[in-house]
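Below, chain A is the first sequence line, B the second, and so on; all start at residue 1.
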6 protein chains.
Amino acid sequence: MFSHQISGDIYLKLLELNDATDLFAITDGSRNYLREWLPWVDGTKSVDDSKSFIEMTMNQYASNNGFQAGIWFCNQLVGCIGYHAMDWANRKTSIGYWLAEDFQGHGIMTQATQALVDIAITEYKLNRVEISAAVENQKSRAIPERLGFEEEGCLHQNEWLYDHFVDHILYATLQSKWKR
Amino acid sequence: MFSHQISGDIYLKLLELNDATDLFAITDGSRNYLREWLPWVDGTKSVDDSKSFIEMTMNQYASNNGFQAGIWFCNQLVGCIGYHAMDWANRKTSIGYWLAEDFQGHGIMTQATQALVDIAITEYKLNRVEISAAVENQKSRAIPERLGFEEEGCLHQNEWLYDHFVDHILYATLQSKWKR
Amino acid sequence: MFSHQISGDIYLKLLELNDATDLFAITDGSRNYLREWLPWVDGTKSVDDSKSFIEMTMNQYASNNGFQAGIWFCNQLVGCIGYHAMDWANRKTSIGYWLAEDFQGHGIMTQATQALVDIAITEYKLNRVEISAAVENQKSRAIPERLGFEEEGCLHQNEWLYDHFVDHILYATLQSKWKR
Amino acid sequence: MFSHQISGDIYLKLLELNDATDLFAITDGSRNYLREWLPWVDGTKSVDDSKSFIEMTMNQYASNNGFQAGIWFCNQLVGCIGYHAMDWANRKTSIGYWLAEDFQGHGIMTQATQALVDIAITEYKLNRVEISAAVENQKSRAIPERLGFEEEGCLHQNEWLYDHFVDHILYATLQSKWKR
Amino acid sequence: MFSHQISGDIYLKLLELNDATDLFAITDGSRNYLREWLPWVDGTKSVDDSKSFIEMTMNQYASNNGFQAGIWFCNQLVGCIGYHAMDWANRKTSIGYWLAEDFQGHGIMTQATQALVDIAITEYKLNRVEISAAVENQKSRAIPERLGFEEEGCLHQNEWLYDHFVDHILYATLQSKWKR
Amino acid sequence: MFSHQISGDIYLKLLELNDATDLFAITDGSRNYLREWLPWVDGTKSVDDSKSFIEMTMNQYASNNGFQAGIWFCNQLVGCIGYHAMDWANRKTSIGYWLAEDFQGHGIMTQATQALVDIAITEYKLNRVEISAAVENQKSRAIPERLGFEEEGCLHQNEWLYDHFVDHILYATLQSKWKR
């Protein structure tokens with residue numbers, strides 16, 4: 001319905017309740033792959049859990065606090081990308097994303113992330129966009145690196161993943177450095 | 001950002017807070033024209049009123065109760081269209097719309113309305129879509145008539161417009177009758 | 001406690017939590033009869049469901065959005081009548097009602113409905129009161145017809161009843177036409 | 001609309017928003033008289049204050065926490081009576097009341113209070129009903145005394161009245177002692 | 001963490017969620033002893049019930065409506081004391097407390113109660129502090145008597161304890177009578 | 001009332017509404033000094049603004065999301081320290097603080113911060129505590145450096161201060177590295 005075209009094959013769409021079945025299916029289908037770096041996978045046990053997540057994102061959107069979008073590739077839901085929250089006072093935000101296992105390697109996430117940085121800077125007039133990724137999550141780190149984000153530091157034991165903490169690399173770009 | 005393309009020139013977009021200035025401008029610019037048939041025009045006195053309206057529509061969307069979209073024509077906000085509410089139990093809704101004075105006559109609203117009926121029936125799986133228009137509001141009545149809605153009745157003194165009641169014609173279409 | 005006397009035998013009373021047992025009993029006792037035209041009967045499985053309904057009606061009343069009243073006949077709760085919602089901007093409302101099977105044929109509902117139209121017009125200063133009934137629900141249609149409501153149209157597939165849609169006839173009366 | 005008849009001339013009615021004008025008028029008309037014993041009189045400066053009070057009482061009613069009723073005498077609003085709150089766990093409540101200056105001496109408040117004790121004990125199945133009155137407020141103290149309440153104690157400096165504290169006599173009756 | 005030292009061995013601390021386990025343990029360990037005079041003991045069946053109670057008290061505190069504190073004796077949680085609610089308009093409150101069976105007889109509760117009266121009068125600037133206790137609960141009555149509260153009356157059947165009502169003695173002290 | 005003693009002269013206390021006057025006074029008295037590094041100073045124009053801040057912190061505390069404490073030195077309110085929020089899932093938090101101009105140089109803030117790290121790690125069982133400070137705010141940076149926090153990175157244009165962005169140094173300590 002409401003979508004943001006990224007390239008011929010790829011578009012983003014605000015997640016809606018009737019996406020819950022598809023969202024759960026790709027989560028469930030990539031479970032082992034996704035849980036290596038995502039803390040919420042084990043807690044997503046049924047379509048109702050995906051529904052609750054979507055309701056939460058709809059409230060985030062309605063509170064003017066950013067949004068979560070589904071990523072469609074060849075008319076199939078293949079992952080998610082969104083802003084964690086909007087810090088309007090300091091005009092900054094951070095971006096999170098994940099992609100189902102079978103759709104890696106097409107440059108989908110790099111393009112989707114580029115789109116979200118564009119939207120943050122040109123539409124929401126933000127000044128700073130952060131991305132953080134686990135030190136050993138090479139695929140995730142490649143995105144901000146490819147997009148010219150600057151590495152700002154290493155945050156020790158920044159995230160709990162089921163049974164251990166992981167360190168994060170913090171990347172950021174600024175309005176003044178972002179070229180389309 | 002998130003938009004629904006209707007034709008080369010026309011797209012719909014969920015209203016967001018940064019649309020408030022434009023929304024107020026076209027309301028204010030068509031004030032005399034719009035107030036003939038719309039009850040909320042006199043109460044829209046500043047950008048803050050448009051902001052409040054947009055916040056209300058964001059909450060409507062987040063409550064899974066339909067949405068209000070802006071209509072963009074040649075990259076300019078020219079009007080609004082939306083669902084008043086979703087009656088999920090009976091799988092029906094009704095559509096309301098308005099267009100600034102200068103953009104009448106391009107078939108914009110007919111196409112936008114067709115899009116919302118399509119979305120209601122194919123995406124939201126609704127069964128019945130209503131449109132009601134004041135008996136003497138020929139421009140508004142032409143939309144459902146052009147789209148093949150059936151006239152179901154005349155509702156006497158159905159709406160209060162500043163200083164008088166107006167009668168409404170009720171139109172509806174059903175999933176079984178709607179052909180794309 | 002707080003009641004509205006209609007005739008020697010009949011009075012209305014705002015539903016309160018201690019009416020839940022009686023309300024469930026008459027629903028349960030007329031289950032087959034009521035479910036032919038009422039969509040909520042199958043979902044009313046215990047006194048707690050009736051309690052939830054009453055809590056909802058108490059909130060409706062507290063929000064100045066109309067009320068639901070029980071109908072007492074010979075000091076026995078025999079049915080319900082109420083306003084679906086108040087449209088203060090357009091000064092209109094609509095009325096819904098049901099009566100347990102054993103108490104049909106005493107003119108109870110015609111008198112109760114007349115009372116609610118009176119209250120809507122004289123106390124709440126409304127201008128328009130609607131009643132809609134399924135085309136084949138003769139008993140329900142007889143009420144507005146007996147009270148001089150005008151038939152305004154036929155709404156196709158307007159309500160979902162468990163496994164099929166039903167068409168509704170829409171009736172209305174106006175302040176200017178209503179004579180006590 | 002919904003009323004509780006007490007005698008030929010007197011009835012109680014749940015306060016509704018359209019009673020605000022009358023309620024403010026009798027408050028304003030008895031201002032000097034009422035403020036001797038009532039702490040809220042000086043804060044009631046306009047119809048909007050009476051409206052806020054009525055909204056609060058509608059929410060009290062909807063929360064199953066008792067109600068505030070207007071007292072009508074010869075079809076005129078002359079005062080208020082209500083339960084401060086319901087203590088369902090201990091099955092007790094307390095009653096408060098006031099009457100405009102011109103309607104003193106007709107036994108109105110004794111009858112209204114008797115009605116509220118009856119409702120508390122027979123309809124709400126409460127066990128204990130309290131009334132407290134300032135030691136020197138002879139008119140108010142006469143009500144529970146006339147109705148056979150027992151004096152249980154004297155509460156020192158129990159209430160703040162604009163510029164001084166007043167002592168209260170606490171009266172109570174029990175279900176076992178209350179005879180209709 | 002945040003505590004109020006009363007004597008070398010005794011301090012009060014606002015209850016926090018990580019106190020739930022200890023709070024449930026002492027409740028469970030004194031169950032028979034406590035239930036003689038406390039109505040909530042039978043309803044406290046698990047640590048989650050103690051957690052719910054603590055959440056309630058944290059909201060009470062955040063609403064500026066008084067607080068509930070745990071009583072620590074020799075670094076062990078041994079009971080609770082708190083204000084039921086704050087009546088800011090009339091500058092009064094009432095105090096409730098309980099102590100686990102094994103810690104009776106050390107003067108703990110007298111000191112804790114004295115502290116809460118001090119806080120009420122000197123920090124919250126209240127004028128009147130009440131304590132009520134069941135007529136036959138000698139241990140509880142001894143506290144206000146020892147602290148010089150005045151006995152103001154006997155409230156019949158004031159509290160429901162599982163299967164019977166109990167009468168209460170009401171005690172109070174005033175700012176003008178309270179000497180440190 | 002409820003306090004956390006840090007040394008003979010210094011204690012922390014949860015901020016309460018009756019601290020608003022003092023809190024505003026020290027803000028107002030250090031206005032020029034504080035606004036160099038704190039974004040909220042210009043928006044704090046009256047005691048009511050300090051009251052609103054305190055209400056916000058009481059709700060933070062009641063939501064189990066950390067707390068803001070006042071810092072008392074020689075029985076005088078001299079500054080604030082608190083947790084921005086609690087990230088229970090990842091067991092981490094961050095600390096913010098400020099001190100009125102006249103009380104710099106006594107080691108007050110180092111001791112207060114040490115106390116909050118202690119509480120975070122030993123009472124709240126958190127694993128990671130962050131402090132971030134503007135690159136050129138030497139006084140603020142000295143605190144985590146003195147306490148052995150590790151410098152993890154530099155966040156460009158991380159905060160908006162009235163008319164310009166400032167870069168921040170991010171410091172952190174971990175449970176495993178924190179020695180009492």
Quiz item: By a 4.5 Å heavy-atom criterion (distance strictly below it), what part of F:I54 contacts chain E: side chain, backbone, both, or neither?
Solution: neither

Quiz item: What part of F:L116 lies closer than 4.5 angstrom to a heavy atom of chain E: side chain, backbone, both or neither?
Solution: neither

Exercise. Taking the six-membered ring for Trp and the full ring for Phe, Tyr or His, determine whether the centres of F:H4 and F:Y11 are under 6.0 Å apart.
Key: no

Exercise. May I ask you to list the residues in residues 16-32 of chain E that approach chain F closer than 4.5 angstrom, counting heavy atoms only, ordered by number?
Key: E:E16, E:L17, E:N18

Quiz item: For E:K125, is it the side chain, the backbone, both, or neither that has a heavy atom closer than 4.5 Å to a heavy atom of chain F?
Solution: neither

Practice problem: May I ask you to check whether F:Y171 and F:R141 show a side-chain donor-acceptor distance below 3.5 Å? | Solution: yes

Quiz item: Is the number of heavy atoms from other residues, nucleotides or ligands under 6.0 Å of E:E136 CD greater than 12?
Solution: no

Quiz item: Could E:E152 and E:R128 be called an ion pair, given the rule that one side-chain N must be under 4.0 Å from one carboxylate O?
Solution: yes

Quiz item: Would F:D118 and F:W178 count as a side-chain hydrogen bond (donor to acceptor under 3.5 Å, both in side chains) if you check the C-alpha gap in whole Å, the side-chain angles of each, and the deciding distance to 0.1 Å?
Solution: CA-CA 8 Å; F:D118 282 343; F:W178 184 253; 2.7 Å; yes

Quiz item: Are the aromatic ring centres of E:F67 and F:F2 under 6.0 angstrom apart?
Solution: yes

Quiz item: Should the pair E:Y61 and F:Y61 be assigned to parallel (<30°), tilted (30 to 60°) or perpendicular (>60°) ring geometry?
Solution: perpendicular

